[in-house]
Amino acid sequence: MEYKLASNTTTRVISQEFDYSVPASLEEALELRDEHGDDVRPLAGGTDLLIQLKADVRTESHLMYVNGLDELDDVSETEEGLEIGATVTYDDLMNSSLVDQHVPILAEAASDAGGVQVEKMGTIGGNLCNGSPAASTAPPLLILGAEVVLESVDGERIVPIEEFFTGPKRTVLEPNELLTSVRVPTPASDRWAHEEIKRVTEDLAKVIVSVSLECDDGTVTDCGIGLGCVAPTPIRATEAEAAIRGEPATEETFARAGEIASDEISPISDSRSTAEYRRLITETKVRDLLVDAHETNV
Amino acid sequence: MPKNSKSFHAIGTDSPRKGGKAKVTGKAVYAPDVSLPGMWHGKVLRSPHPNATVVDIDTSEAEAMGAICITPDDVPDVKYNERTISVPDAIYRDNRVLTDRPRQVGEGIAAVAAETEEKAERALKAIDVTYEEHEPVIDPEFAVSDDAPAIHESIVRDGEVEPIENNIAVERDISVGDVEQGFAESDHVFEHSFETGRTYHAQLENKTTVCRPEPDGGITVWPTTQTVHNVRQLLGEIFDINLSKVNVKRLELGGSFGSSIQTNSVTPITVALAMAADKPVKIVSSREEDMYDHCRYPSKLDVKIGANDDGTLNAVEMDVLADVGSHNIQAFPYLGVVAGFTASLYDFEHLEFRGRAVYTNKAPACAMQGFGNPQATFAVECMIDAIAEELGIDQLELIRKNYVGEGDTFWGQGPTIKSVVKSCGVEELLDQGAEAIGWDERTPPGEKDGRYRRGIGMARGFHTSGTGGPTPGEAIDYSSALVKINEDGSVDVVSALQDHGGGTRSAGARIVAEALDVPIENVELSPTDSRNTAYDVATHATRGVYAGGAAMKKAAESVREQLLENASRLLEVPPDAISLEADTDEGIGRVFVEGVPDKELTVGEVAKRAELNNWGTMAAVESNRQVACPPAYAAQFVEVEVDMETGEIDILRTAIGNDSGTIVNPKLAAGQQHGGFYRGAGYALVEDTQYDENGAIDGNGLLTDYRMLTTMDLPSNDETETFFVETEEPSGPFGAKGLGEACINPTAAAVANAVYNATGVRFTDIPMTPEKIIGDLRAEYTDRVTGKPMVPAEDDD
Amino acid sequence: MSSEKITHGDDGGNERTIELTINDETHQVRVKPNELLLNVIRDKLDLTGPKYACGTGECRACSILVDGEPELSCLRLAVTADGSEITTVEGLSDGRDLHEIQQSYLSEGGSQCGFCTPGFVIMTKDLLDNNPDPTEEEIRDHLKGNICRCTGYNNIVEAVKVAADRSPENGESE
Ligand SMILES: Cc1cc2nc3c(=O)[nH]c(=O)nc-3n(C[C@H](O)[C@H](O)[C@H](O)COP(=O)(O)OP(=O)(O)OC[C@H]3O[C@@H](n4cnc5c(N)ncnc54)[C@H](O)[C@@H]3O)c2cc1C
Ligand code: FES
Ligand code: FES
């Protein structure tokens, strides 16, 4: 968040006034979006949006509560993997047997996000649409090759998650669209690891690292390295990934991945950490997690 | 077991705290919970600039919305210091209710009141302020340079205007003996520089005030405070109201840690607003306002210690630069106690202290748990560890050889108050702590290798029990209490003594129960305010039980005399022949003549019959000043694990020991130990408020930007050992001394010494965040994969 | 249900009536869309147990149960809770009889200044409802978002352990 609350806004109340609607169906919600565009702002768990309204970094004239929409709150199995509705919460992800079976890394990432109450309130759709470089679900979704489904009255479009984020707090979501679900293919390999490096256990991350690894006969055949908080958007460390494909699955190789990853990021200093530390820790943790993933019994 | 001859029935037992039921049911009333009929809500317009002059304020639009507005022109032109508990000469006045010369981001410029908080907030945003901005002064080193603009031109002290030069708020030099001679006579001289963070109190209750103007021209005030009487006096002075018409109510306090010894900045603003609106008005600070309102004194300490080969410590020299922020709340006593705490840790024959406290354009610093002691003890106890290693002497041995203990002169509260130590459990604290942590198995840093390295460290310290002494000193220190026996034998204790949650008032009730020999269940603490109580300075300086409890004891003893006198008339025996006994099974106090079965009454019977006979109520009000401020000793031992690659430090185990004399509430006392250790560990590892060059708190200025250790970042209950060495302090009520602040003072040094023991790197700048320490750790570490030494990466620019 | 559009008015223009069942009592309350559930509970329903201490989700002193789930009332609009069942710390005790969780916070010193206690008690209720016999690790994990500035957490953890032992599910009563 780039705003300062140095003075004269307050987290005690929301002083701006707005309208409020509860659409009865997805169709009605899309109609409202079509009619009013960004003048009707979707509200899900509110754990990001309400803070922004308190701080007046956003002024809204109309909120539309999407959390009650049946069409958005399901996790279901598809041919490729899972389809996860936009209002599925972190807690749902942690407790879903389907998620556990297909993409356990997502449950792990969800369990890092915000502690019990935030897990109950925060949604995957809100997490992605908020567009923060620190979004907990983004690095795993990136390496899983997930896609988001964006719907409007004109129909749906499918956007690979890599193309969804365009900058801090910016995404490709159009004013007439809603994010309705996230499609996550089941990965070929069970070798993965995820970690958020934080100041204290309950915190937004300094750096998020998600990795996946496929090996054949001691050689890295494929790998994914997803990173958060080290660039204007969540990113994949594509150069590091490319550099170790086909290389022997050894600690030296994984260390090299760490080195390359730390070169291809563009971290900043903020109240949580420094740019310099973010580079150092990315290097160390990419290596550590690849080692962990490699050592996973599959 | 206590060394007391008497066995207690109320002291040292574990019944739940008084008032606890209201807390666990959500019914306890804190200032933010106070709501009055017809009450409006206030908001303060705060400067977004760290250093500016207000050229114009236009409130017309806000007023058109129906809000009441006040500006610097609408408040009394009184220069004050919000902390009023020192003698006039030691009070530096540089503050005002609202200012047109803001000296920090977040300083109050104007205020509005409206029917709802939302509306007040909208009205606030409609106020138009024109500022002339000045260059901000953020770095204290820059502040004292000739290039720095003046933050305050002058201040007022004891009625005189005094100029401020080079932004130096206070300078204080204190010397004992001849330090140069001390160094010349020493075999070794050790030097280190230390730096401590700008910790934020983060008490959960944000500063709040409700004020109701009364028809007689007076005011009733419900504030967040550690002291209702000082709030009353300050408000009387600022608003020129007779104190008899200023009533300040004592409420539950949602934590404070020193941040409400002074009257909170929102309190006079609320009063001014309520008087302007002629309505009850409430202001509850938001968390982000509170974060700009107070912090601990961050300090740089350059320390030099002279020692002999045999471990004798001869001389200490200390240079302190403290950053007081925008207002000088209590820098003069701060420097005095940093010197006093240093002098009272070890028996240095020679001491030279030079302290400077400088203004900067940041939140004002004030007391926070330990007041100068966490800073001084961090520096000195890290030095002691380093000296012990250099001299090849075990650290505990070095401490034993030099500590200030029984019979030694103690001047923890600064140079004006000296007393002789009468109770001391240091030896036992060291022995028991060493045993608990496994001190003897500790290996030196050179023997550790690998990525994750464990180390054990310890530090010792103390805090004063209050600020009392044989002579008056610089700060006021006395308490008052009224005790009375009701017609059924139950007892009311009426006292302004505040409780931050440590159990101070509960302890007071126990002391009264013990002194009167009635069961603790029969003693209750009355709701009080500044009008119905005599003066109590404040619950600060770890004085609550030792000094506040002593006043209650004095009043109870006087009532006990009356009880014996009345019983003597009823039982027709001399008072000396009567015994008192608390019958805790029956829940009554008994009055009887030993060996004469029919000569027996309950306390209630005595009280009722005294009333029927029109003998008067058995009651007494007493004020009491303690003639000492004895050291309550502490020792803490910790084991840490350090990740040499990431700089993450994990506290694995701790043993926390205290000598607080007689322990009045064992479970609550252990809670003080846990809490002190937790905040001390946060001080050592993560807590800090950093400011950017524009004088704003780094990040968004939300609580998100101020991290504290969580349940998961501390050792488990099994790995947390707490213990007490129960000495008996002759000057304390039933042998008790203070406790609270002693529990944080050694923590940072214990953690830093453990990190040194693990890694061989000594960190002297706290908090020891991974960002700060990773470079030095990696320089010490060889990468386990490549075999190359890991060096810190180059900075981006 | 069709979409409810409300005109965007000035003060008082877009108020509506919502129904909240709090601690088993049902209330009809007039609120505007921008009002926070925390403030409505505290100011309009006079239950001042839940506390504001940060307004940004960091302290969790405002924790309540909404339809049985622990949530932060400072980050919830009251209008979104229309029709919900809410439990606050006040709802646990039965008249003057303390719930075993409240009892154990009291007996173990889990509450010092007490400002965080309403949030901790609610989170303990949530934990023990779902996991009657938690390990210390599970207790600490469940409470990791709640800030207590006073206790250092040890006596809170102890209180949860004691409450679990005292709970009727574990067969032990006092
Ligand atoms: C204390 C605390 C801790 C936190 N910790 C973490 C953490 O560790 N990691 C992390 O990633 N986040 C964290 N967050 C942030 C936040 O909880 C998450 O980003 C959460 O997932 C947001 O979801 P929500 O439903 O609350 O979003 P909301 O606040 O309701 O919405 C966020 C944004 O998304 C838009 N939006 C929501 N749903 C849709 C949709 N279906 N279609 C289009 N737009 C939509 C909204 O209009 C809004 O702009 C934390 C927040 C708090 C308060
Ligand atoms: S007030 Fe709701 S989390 Fe702090
Ligand atoms: S008891 Fe004070 S914050 Fe927890």
Side-chain angles (χ1 to χ4, degrees), chain A residues 1-17 51-52 54-57 115 134 195 197-204 206-207 250-256 258-259 262-263 266-285 287-288 291, chain B residues 43 45-48 105-106 116-122 124-125 127 206 284-289 292 643 645-648 682 685-686 690 694-713 769-771 774-775 778 783-786 790 792-796:
Chain A
M1 292 184 276
E2 319 73 41
Y3 54 84
K4 285 264 182 229
L5 274 190
S7 58
N8 306 330
T9 60
T10 177
T11 53
R12 290 187 43 80
V13 293
I14 296 175
S15 67
Q16 55 178 287
E17 301 216 322
I51 298 173
Q52 294 159 10
K54 288 176 176 190
D56 283 331
V57 284
E195 190 177 338
I197 295 87
K198 302 175 169 186
R199 290 169 295 181
V200 297
T201 301
E202 182 10 57
D203 193 12
L204 281 176
K206 294 176 182 181
V207 171
T250 61
E251 204 166 336
E252 285 76 8
T253 299
F254 301 144
R256 205 144 54 77
E259 275 173 41
S262 86
D263 279 343
S266 49
I268 57 163
S269 294
D270 60 18
S271 65
R272 300 200 296 280
S273 190
T274 60
E276 180 191 358
Y277 186 77
R278 286 188 159 113
R279 277 193 202 280
L280 292 173
I281 202 83
T282 300
E283 176 177 353
T284 297
K285 289 293 173 177
R287 180 201 66 206
D288 284 356
V291 169
Chain B
K43 287 271 167 206
L45 179 76
R46 296 180 178 282
S47 171
V105 169
T116 66
E117 217 170 325
E118 287 85 351
K119 186 170 168 189
E121 178 66 22
R122 284 195 295 274
L124 190 84
K125 285 175 192 148
I127 296 178
N206 294 291
V284 188
S285 305
S286 66
R287 177 57 63 187
E288 50 285 10
E289 289 178 285
Y292 280 107
D643 182 336
E645 282 196 37
T646 65
E648 282 168 353
L685 298 177
V686 285
Q690 298 280 349
N694 301 317
I697 292 174
D698 264 359
N700 304 307
L702 298 169
L703 196 56
T704 325
D705 300 305
Y706 192 81
R707 289 286 84 181
M708 291 163 269
L709 301 177
T710 75
T711 52
M712 302 293 281
D713 303 307
T769 60
E771 284 76 5
I774 191 166
R778 286 193 170 192
D783 182 47
R784 71 194 149 93
V785 180
T786 60
M790 290 184 85
E794 301 277 314
D795 214 330
D796 288 334

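Just so we're on the same page: letters track the sequence lines, and every chain starts at 1. Below, each value reflects all heavy atoms present in this structure, side chains not excepted, and no hydrogens, waters or symmetry copies.
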>> Quick test of your reading of the model: are E289(B) and R12(A) salt-bridged, counting only N-O distances below 4.0 Å?
In response: no

> For T769(B), which residues count as a side chain to side chain donor-acceptor pair (under 3.5 Å) partner, sequence neighbours excluded?
Replying inline: none

>> Taking side chain to side chain donor-acceptor pair (under 3.5 Å) as the definition, give me every residue that meets it alongside T201(A), ordered by chain and number, with sequence neighbours left out.
In response: D713(B)

>> Please classify the contact of R278(A) with chain B as side chain, backbone, both or neither, using a heavy-atom distance under 4.5 Å.
In response: neither

>> Given heavy-atom pairs under 4.5 angstrom as the criterion, report whether the side chain, backbone, both or neither of D203(A) touches chain B.
In response: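 Both backbone and side chain.
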
> With no hydrogens and no angle check, do the side chains of E288(B) and S286(B) hold a donor and an acceptor under 3.5 Å apart?
Replying inline: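 A donor-acceptor contact under 3.5 Å links the two side chains.
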
Is [X] in contact with chain A via its backbone, its side chain, both, or neither, using a 4.5 Å heavy-atom distance?
X	value
T711(B)	neither
E771(B)	both
L45(B)	both

Could you have a look at [options] and say which one has the most heavy-atom pairs with chain A under 4.5 angstrom?
options	value
K43(B), E117(B), E648(B)	E117(B)
E118(B), M712(B), K125(B), R707(B)	R707(B)
V284(B), N206(B), I127(B)	V284(B)

> Short question: side chain of N694(B), backbone of A696(B) - any donor-acceptor pair under 3.5 Å?
Replying inline: no

> Would E283(A) and R287(A) satisfy salt bridge (charged side-chain N to carboxylate O under 4.0 Å, His left out), going step by step from the backbone distance to the final call?
Replying inline: CA-CA 6 Å; E283(A) 176 177 353; R287(A) 180 201 66 206; over 6 Å; no

